[in-house]
Protein chains: 2
Amino acid sequence: MNESKRLKRSLLERLVRYCHFMQDKVLDEEITTVSSAQVAAYAELDESQVRKDLAAIGVRGTPRVGYRAADVVSTIRDRLGFDESYKAVLVGAGRLGGAIISYPGFAKYGLHIVAIVDSDPRKTGSMISGLVVQPMHRLGQIVRREQIELGILTVPRASAQVTADRLIDLEIKALWNFAPIWISVPDDVHVRNEHLSVGLADLAYHLSG
Amino acid sequence: MNESKRLKRSLLERLVRYCHFMQDKVLDEEITTVSSAQVAAYAELDESQVRKDLAAIGVRGTPRVGYRAADVVSTIRDRLGFDESYKAVLVGAGRLGGAIISYPGFAKYGLHIVAIVDSDPRKTGSMISGLVVQPMHRLGQIVRREQIELGILTVPRASAQVTADRLIDLEIKALWNFAPIWISVPDDVHVRNEHLSVGLADLAYHLSG
DNA sequence: CTCAAGTAGTGATTTTTTTCCCGATTAAAG
DNA sequence: CTTTAATCGGGAAAAAAATCACTACTTGAG
């Protein structure tokens, strides 16, 4: 049901945050309804912003009561596609790869890392969170056999674009890049560059100001 | 000289990207000038956007030639504070902490991680990239003695806010949080939450669309 | 020396995003 | 049943961001 129109990235970020807040509320404090004002206070936004965002994804509240937290969570999850299931391959079994794969929340978003690949023969064969690190030359087989849609890049900067290109050639649908470079991709592939230097710049800027 | 007015976050992100592009150009291809069109093509933006951004930080180009890449880089670095020096403490010597500390580019942004702290006695005393992991109870001493301005949080979700509060109490200036939670801080502390779930949501959304 | 073409600079315009505001609705109290 | 207070919904206004369109400048060619 999550079609209608493309959600803007900023909206998407806010929704994720609302969702977190709601889940905390619902799970931790057993509150069933929340007002836009409460959400706004948490997310440090305007109340109207929250109401508009929720309206945009079709959540309805009731006057004098607020929104049902469970509604908000389930609608966000539905619209954002968290309840579907996606397979991913992680390329690059270094420290960063290890850290990312141990992130305790992929499944909650529908993401399943089904394979790990690394070009270093010293790493292949070892186990990382229940998966055997595969050699690079099996990437194609793996992606095709498992019908993998997402590639997670935790390779060094120098091999990031090359690896991306290879995955694109294997008709991967999306890339999540952690190498310090902006990967370029064709229009039909979605890429998210998780670039530490943006954060670094943000901090340096604020510390210097 | 980096005062005048607060740069918007979106502008900041674009500037970081310009800077990367320029550095690649200058270093790799020995090109000394670039046109706004080239930068725009790389960053997938409008040419005017690039010109406005560069004008905003005071970079001047010359008609028929473009901008001097070296100018752009040095002005961005100056305005964003990369040439100053900041001390940071990393709290949480787990996998993620290890991955982050080994990121090969902190120094380029003026950031120096001068201490690592962890609450787990099994980790204290061990070495991570040249630093001895210190026990948690020495955090205060370390922050004060070294005059640390930035705290990098790579602790588990459950201890993130507590650790943040402690650092805030030690009058830290900024926090870089990698735990999957939005840290809340007083107005005078700058926080950047590096929240993997935003990326995850972005990907799930695009894969489902 | 003049002309042509490429490029920066910038004011105007459009689009998008955010905020403001108020009427409508609901639940609870009297 | 009526009143009151809290809250949503959505239109309007304001602010911010992006894009457009044009001018002016600079270089290199003829």
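Convention: sequence-line order gives letters A, B, ...; per-chain numbering from 1.
- The nucleotide whose nearest atom lies closest to any side-chain atom of A:Ser48 is, among C:dA27, C:dT10, D:dG10, D:dG10.
- Relative to the side chain of A:Arg51, the nucleotides C:dT10, C:dT7, C:dC21 differ in distance, and C:dC21 lies closest.
- Atoms CD (A:Glu44) and P (C:dT18) sit 15 Å apart, rounded to a whole Å.
- Using a 4.0 Å cut-off between a side-chain N of Lys or Arg and a carboxylate O of Asp or Glu, A:Arg157 and B:Asp24 qualify as a salt bridge.
- Distances were taken from every side-chain heavy atom of B:Pro63 (C-beta onward) to each of D:dT19, C:dG6, C:dT17; the shortest belongs to C:dG6.
- When the P atom of D:dA6 is taken as reference, atom CD of A:Glu47 falls 13 Å away, rounded to whole Å.
- Atom-to-atom, CD of B:Gln49 to C1' of C:dG11 comes out at 16 Å; the value is rounded to the nearest Å.
- For B:Arg64 and D:dT27, a side-chain-to-base donor-acceptor distance below 3.5 Å is present, hydrogens and geometry of angles not being considered.
- Distance, B:Lys8 NZ to C:dT18 P: 12 Å, rounded to whole Å.
- Spacing between atom CZ of B:Arg9 and atom P of D:dA18 amounts to 13 Å, rounded to whole angstrom units.
- Rounded to an integer number of Å, the gap from CD of B:Gln38 to P of C:dT7 is 8 Å.
- One finds a salt bridge joining B:Glu47 and B:Arg51 here, because a Lys/Arg side-chain nitrogen approaches an Asp/Glu carboxylate oxygen to under 4.0 Å.
- The side chain of B:Ser35 has C:dT7 as its nearest neighbour among D:dT19, C:dT7, C:dT18.
- With A:Asn177 as reference, A:Asn193 is the one residue of A:Thr163, A:Thr154, A:Asn193 to meet the side-chain hydrogen bond (donor to acceptor under 3.5 Å, both in side chains) rule.
- Atom CG in A:Asp46 sits about 14 Å away from atom C1' in D:dG10, given to the nearest Å.
- You'll find the ring centres of A:Tyr109 and A:Phe106 outside the 6.0 Å limit.
- Comparing D:dT19, C:dA8, C:dC20 by their closest approach to the side chain of A:Lys52 singles out C:dC20.
- One finds a side-chain N or O of B:Arg14 lying less than 4.0 angstrom from the OP1 or OP2 phosphate oxygen of D:dA18.
- Annotation: cation-pi pair A:Arg60/A:Tyr67 absent, no NZ/CZ under 6.0 Å from the ring centroid and within 45° of its normal.
- The interatomic distance linking B:Leu45 (CG) with D:dC20 (P) rounds to 13 Å, in whole Å.
- Nearest nucleotide to the B:Tyr67 side chain, out of C:dA27, C:dG9, D:dC8: C:dG9.
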